[in-house]
Structures are given as structure tokens and as C-alpha cells.
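Throughout, protein chains are lettered first and strands after them, A, B, ... in sequence-line order, and every chain is numbered starting at 1.
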There are 2 protein chains.
Amino acid sequence: MSINRRLAATTARLLPGQKQSGGSGRVLEAALKLFAERGYAATSVRDVAAAAGVKPATIYAHYPSKEHILAELCRVGHEEQYRSVRTAVLASGGAPRDQIVAYVRAHVGFHTTYPMLAVVSNSELHVLGDELGAATFVLRRQSEELMQDIVKRGIDGGAFQVADPWLAVAAIGGMGLRVAYWFSPAYKLSAKQVADGYAEFALRLLAAGSDGKAGKGGSR
Amino acid sequence: MSINRRLAATTARLLPGQKQSGGSGRVLEAALKLFAERGYAATSVRDVAAAAGVKPATIYAHYPSKEHILAELCRVGHEEQYRSVRTAVLASGGAPRDQIVAYVRAHVGFHTTYPMLAVVSNSELHVLGDELGAATFVLRRQSEELMQDIVKRGIDGGAFQVADPWLAVAAIGGMGLRVAYWFSPAYKLSAKQVADGYAEFALRLLAAGSDGKAGKGGSR
DNA sequence: ACTTGCCTAACTAACGTTCGTTCGGTTAGC
DNA sequence: GCTAACCGAACGAACGTTAGTTAGGCAAGT
């Protein structure tokens, strides 16, 4: 195996509901694995077909084009990600601190549970044209706005101290994104431990320490 | 323009020293822009040639293969990244807090100054085989170890409180990586402001707040 | 009971295009 | 007249996709 793999995970995991028995499910799962490992552009329709145990032409009985397969994967991935964080936040109390913890735990949990879906959804999304990507873009924006609203409420209520809410959201979101690339079940920490650790990181990042330094950023 | 771009930057910037006058420099710069925007696999040699104002065959007068162009970009990118953080850390004082601030400022600075180089170096590196990628992998590991050593020293000296140094390094590194994708000179915050903000985030992340909660992570 | 017709899902074969790359020749400056 | 840079043309392979075909299951008509 090459020193450098795109992600540590080795088994493609689709959402339970998506594991439809038929050929369409097997194609989707094969595409997920290959797109995650090699990238969309570096994967041929013939590769996907071979991995799904099917001939290339059969792919087109299930999806109108290669790009539609990617669009479906991106949509499913972002849908689950948004559903997951939204549910977690709603189930937590009303306090911004609790909500951020819930959000980050769910966010990281998604990236450890479905690393391939996360990698494809995030690093191949740019391939999709405006039309095929539209559904995914909406979900992406909703997820971001959800965290942003929590952070803003926390600032207004005095629980958080950050100069620029957007920058904090970018930082917290960015660190969570990368988890999908290195996490594997063989890692020394469990998925729960990583999620809890990152939730604590997010809390610390948002709330100034005892020295009260508030991270205003430098001058231009 | 499509809603979804892979990165916000629009002008390819190679290191000053790399802007060698000749055709080889123009090819490298054209490849950098296209690889960053569309990805390595989605960019053809003909695309690079056209962007460099040259015919496809001429590419092979400068580089033995398409993959060698990518290898050169990855090497240059990681070299500058490592050089940058290393210089900054050495110029800072001996205190882990100062060193982390210097590291993160330089790290983020690299991602705002050379966003295309950062994007290509980090998200196309997996394409390179063991041989062509070897030089880059070494630099990557050195950068990570540098931050890791600072964090460990900070923990030993009592300046930082984190349960798992590696996890903190992954989190700080991950949030910095993403900057290259969204930053542009048109952003409301300057590069310096973003770098300072992230440095403050890193400090907060590493040092527990006044409540003393230490972020040990959950149990398995 | 048995043919007929249709549907689904898979197949074989091939379309035209584009890919990375090579080779032999042509130009331009010293 | 030499060297370095560049180009036109082409190679075989692989690309996404399409057309037409085959096999099996199942319900309706006789």
C-alpha cells in the first residue's frame, strides 16, 4: 500500500436506509468507496462498474450520468450531516454552551461514522454544477448557519467571547472536517473520545480563559 | 461563475524564487492555478499548455510527466510551509505559548499568502506515488512533529492542559488547513487579522479556562 | 396448460472524443 | 553551426456514453 492514502477508512459505509438491496445500492456504495479513495475525476465509470460487479452500461440503467452518482452521494452526505447536528442541538438544552457541545459531538461523530461520505461530500462537491449541486448547497448553508446562530446567541448572552463569530465557526468547522481523513476504528482513541475532545476544544476556543484575552485579531 | 468554487483565490501565486523567467516557470504557474481550481485528475496536459501559452509537446521539454509537475508543486508548497513555520518558531522566544502563536500565525499566513499552493499540496498529495511523494512526506512529518514537540513541552511545563497532544495538533492543524479554501484578499478580515485570530484560538484550545475543565475526553 | 406480450435488468459492442505521451522536424539566439 | 526551446502530427489507450440484444419473471388471453 502507498504511504499516502487519501483517508484512513477502508470500508465504505452508506447510511442504513440507503443500503437498498438492488443494483442501484451496490453501484452507489462502490462509487462511494472509489470516489473517496481516488477522487471523482480519477475514477472511471468502468472502475465503479467493476467494483459493483456489473458491466459499465448497467450503471446507466440506474443513474443518468456519472455526475448524478456524485450528486446523490453529496446530497445523502450533507443531508445526514445536517440531520445529525440539528437533532443533537434540538435535544440539548437551550444554553449555547450545551448546544455547541452537542453540535460538535454530532459533527465529529458524522465524520468518524461515515468518513467516506464526508470526504466525498466535502472535497468533490466543487465538481457539481449549479443545478446538480443546488440541493447540497442549501444543506451546507443551513448547517453553517445553525452553528453561527448558536455562537451569536452565546456572545450576546455573555457565554462566549470571540471578536468575529464567522471566524470561530470557520475554525471549529474546519477542524471537524479533517477528522474524516485520519480517523479509523484502529485509532488509539475511540470515536466518542475524539468527539468529546473536539467538543471541549470548541468550548475553549469560544470562551476566553482566565486572563480574559479576547482574541480581537490584529490591525490591518 | 458557479456557486461552488474549490477555493476563493483567483490568482496563482508561486514563491518569488520559483518565478523563474523561462517556460518552465510559466508551466508551473499555469499548472498550479488549474490543479488548484479543478483538481489534478480533472486537468489535462493540454489545459496546462494552453494556460501557459505553449503547445502540449513543449510541456515535456520541461517536465518528464504530468505527475512530476504535481510532485514539484507539492514539494515547493511543503518546503515553504515548513520553512515558514520553522523560521517563525525559532525567532520567537522559548516559551511554548509564544512558539505556538508563532507557529499558527506562520501556518495560517502561508495558507492566506499561497492558497493555491496550499490547496494543491494538501488535497492532491495522495496522487503521488511513494517515490515522487517521498520528499514531500518528509517535510509534512517534520512540520507536524514541530508542533507536536511544542505542545508536549507546553504540557510538561504546565502552560498547556490537554489530554492528548496529538488530538490537539490535529485540531489546530485542521482548522488552519481550511483557511486556504475560503480566504481571499476581498475578505472582510485581513490576512494578519485571520492569522492573529487563529493563533488566539489555538492558545485557548491548548490552555484550559478559569473553570479548570481539562478536556480529558469521554470514556470508551 | 400453455402461449403471448411486456417489463426489468443485465449484457455485448461500439460510438466519437480526449487522454498522456512520443517523435521528428523547425525556429531563434549565441 | 550548435544548442535550447518549441511545435505539428500522431500513437495507443482509456474515457463517458449509447444502441441494440438477451434472459428471466409474471400476468393476461385462449
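- Salt-bridge check for B:E72 with B:R75: passed, with a basic side-chain N closer than 4.0 Å to an acidic carboxylate O.
- Residue B:H62 has a polar side-chain atom (N or O) positioned under 4.0 Å from OP1 or OP2 of D:dC6.
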Q: Heavy atoms under 4.0 Å is the rule here; annotate nucleotides 16-30 of chain C 5' to 3' with B where the base is hit, S where only the sugar-phosphate is, and - elsewhere.
A: ---BBBBB-------
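- Cation-pi check for B:K66 over B:Y60 is not met; the charged atom does not lie both under 6.0 angstrom from the ring centroid and within 45 degrees of its normal.
- We find that NE2 of A:H68 is positioned 16 Å from P of D:dG16, with the value rounded to whole Å.
- Using modelled atom types, one finds a donor on one side chain and an acceptor on the other under 3.5 Å when comparing B:Q81 with B:S143.
- Summarising the geometry, atom CD belonging to A:E80 is positioned 11.0 Å from atom CG belonging to A:L139; distances are rounded to the nearest 0.5 Å.
- Remark: C1' of D:dG8 and NZ of B:K55 are 9 Å apart, rounded to the nearest angstrom.
- Between C:dC11 and A:T58, a contact under 4.0 Å exists linking OP1 or OP2 to a side-chain N or O.
- In this structure, B:I59 places its CD1 atom 11 Å from C1' of D:dC6, rounding to the nearest Å.
- Residues forming a ring-ring contact (aromatic ring centres under 6.0 Å, His included) with B:Y181 (at least two apart in sequence, or on another chain): none.
- Taking the charged nitrogens against the carboxylate oxygens, B:E145 and B:R86 have no contact shorter than 4.0 Å, which rules out a salt bridge.
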